[in-house]
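What follows is a single structure, written as structure tokens, with notes after it.
This chain uses plain numbering: 1 for the first residue, then up along the sequence.
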Amino acid sequence: MNLKYQFNFFIVLFLLFLSPVYADTSLSLECPNTSTVGSTIQCNVLVNSDIELSGIKTKLSVGSNLELIKFTTNSIWQGSGDGGNIKLYTYPNQKGKVSLGTASIKIIDDKNSNTGTISLGNTIFYRNDFTELKGNNISINVKLLSTNNELSSITLDKGSLTPSFNKNTLNYQVTLDSSNITIGAV
């Protein structure tokens, strides 16, 4: 190998191994997988870091069928999460998997979607020397369960319902000249 290329190769290796790597600093959300319309869920916002952190800034956003009620900061962090704008600092610095706090989120009735999205974005981590590290954006979905258990229709491939369909009627009769019928319900 040419001496010039060998020298450049060792410089690249030196920089790779001595450059700090912060890929192991990330945020996560722990929320219920499902919830019913009208209820309020609690989502834990966590940081997991191999380096000591003195602060964190991130934006908590929710979909149109969710409403952020409040963000309650874990006692080891100072700052606020007003309106989903989470700006926290701590002393002593924190390392490992640590809770930032809990978001209370209300499930709103939305006929257009059966999932609700909760996201953390524009994240900045502050190291113990106050240098900034850009963080990950994350998004999770919560399946929204309707509290409406009424049928909207019943269909038959043969015969007809007696009485006619009504969402409040629980018993029907069908007279058939066949031993097979296909019944559909929504």
Side-chain angles (χ1 to χ4, degrees), residues 4-110 113-145:
K4 178 181 172 186
Y5 293 115
Q6 191 174 12
F7 179 72
N8 287 338
F9 176 75
F10 285 117
I11 288 177
V12 169
L13 280 178
F14 177 76
L15 291 174
L16 282 175
F17 287 108
L18 289 183
S19 297
V21 176
Y22 303 113
D24 291 334
T25 300
S26 61
L27 289 178
S28 62
L29 282 165
E30 290 181 350
C31 300
N33 293 330
T34 61
S35 187
T36 55
V37 171
S39 66
T40 300
I41 62 172
Q42 306 299 316
C43 294
N44 198 12
V45 181
L46 303 159
V47 63
N48 192 3
S49 179
D50 287 344
I51 61 169
E52 288 188 356
L53 297 175
S54 62
I56 294 170
K57 179 171 76 169
T58 191
K59 174 66 176 164
L60 176 66
S61 304
V62 295
S64 63
N65 49 0
L66 303 174
E67 178 186 357
L68 176 62
I69 304 297
K70 68 178 178 175
F71 179 79
T72 305
T73 306
N74 185 313
S75 63
I76 60 174
W77 296 92
Q78 302 298 314
S80 74
D82 296 340
N85 295 308
I86 300 171
K87 298 175 183 176
L88 305 176
Y89 62 93
T90 186
Y91 184 82
N93 298 326
Q94 298 297 310
K95 183 178 178 179
K97 189 172 185 177
V98 181
S99 173
L100 297 178
T102 304
S104 297
I105 299 170
K106 184 171 183 175
I107 311 301
I108 299 171
D109 192 9
D110 184 357
S113 178
N114 61 355
T115 60
T117 303
I118 305 166
S119 304
L120 292 169
N122 302 321
T123 303
I124 302 289
F125 299 109
Y126 297 94
R127 293 180 52 204
N128 57 354
D129 62 0
F130 303 106
T131 57
E132 296 181 4
L133 304 169
K134 187 172 169 95
N136 58 316
N137 294 332
I138 62 169
S139 182
I140 65 165
N141 289 321
V142 175
K143 184 173 180 167
L144 307 181
L145 305 175

Rounded to the nearest 0.5 Å, what separation is found between the CG atom of N136 and the CG atom of L120?
8.0 Å
What is the distance from atom CG of N44 to atom CD of Q42, rounded to the nearest 0.5 Å?
10.0 Å
Shortest non-hydrogen pair, V142 vs S35, comes out as CG1-N, 4.1 Å
Measure the shortest side-chain to side-chain distance between N128 and L53 over non-hydrogen atoms and say whether it is less than 4.5 angstrom.
no
Within a reach of under 6.0 Å around CG of N122, are more than 12 heavy atoms found that belong to other residues, nucleotides or ligands?
no
What one should report as the nearest heavy-atom pair of K95 and S49 is CG-O, 3.6 Å
Can you find a heavy atom in the side chain of K59 that is under 4.5 Å from one in the side chain of N85?
yes
Quick check against the 3.5 Å criterion: does N65 have a side-chain atom that pairs as donor or acceptor with the backbone of T115?
yes
Side-chain donor-acceptor pairs under 3.5 Å in residues 73-83, sequence neighbours left out?
residue, atom, partner, partner atom, Å
N74, OD1, I76, N, 3.2
N74, ND2, S99, O, 3.3
W77, NE1, S99, O, 3.2

Begin with the C-alpha distance, continue with both residues' side-chain angles, and end with the deciding distance and a verdict on side-chain contact (heavy atoms from CB on, under 4.5 Å) for I86 and I56.
CA-CA 8 Å; I86 300 171; I56 294 170; 5.6 Å; no
Verify, without hydrogens or angle tests, whether T58 (side chain) and G121 (backbone) share a donor-acceptor contact under 3.5 angstrom.
yes
When every non-hydrogen atom of I41 is compared with those of C43, the smallest separation belongs to CD1-SG, 3.9 Å
Please give me the minimum heavy-atom distance between F71 and L88, naming the atom from each residue.
CE2-CD1, 4.4 Å
To the nearest 0.5 Å, what is the distance between CG (L46) and CG (L29)?
8.0 Å
Give a yes or no on this: more than 12 heavy atoms of other residues, nucleotides or ligands lie within 6.0 Å of atom CG of N33.
no
What is the distance from atom CG of D129 to atom OG of S54, rounded to the nearest 0.5 Å?
8.0 Å
Looking at OG of S61 and CG of L68, how far apart are the two atoms once the value is rounded to the nearest 0.5 Å?
9.0 Å
Closest heavy-atom pair, T123 versus N137, reported as atoms and distance to 0.1 Å, is N-OD1, 4.4 Å
Find out whether I107 and T40 are in side-chain contact, i.e. whether some heavy atom of one side chain is under 4.5 Å from a heavy atom of the other.
no
Do I118 and L60 make a side-chain contact, defined as non-hydrogen atoms from C-beta onward lying under 4.5 Å apart?
yes
Between L100 and L27, is there a side-chain heavy-atom distance shorter than 4.5 Å?
yes
N48 side chain to D24 backbone, donor-acceptor under 3.5 Å:
no
If you take all heavy atoms of D50 and T25, which pair is closest and at what distance?
N-OG1, 4.2 Å
Between N93 and R127, is there a donor-acceptor pair closer than 3.5 Å when you use the side chain of the first and the backbone of the second?
no
How far does CG of L66 sit from CD1 of I105, to the nearest 0.5 angstrom?
6.5 Å
Would you call E132 and F125 a side-chain contact if the rule is heavy atoms closer than 4.5 Å?
no
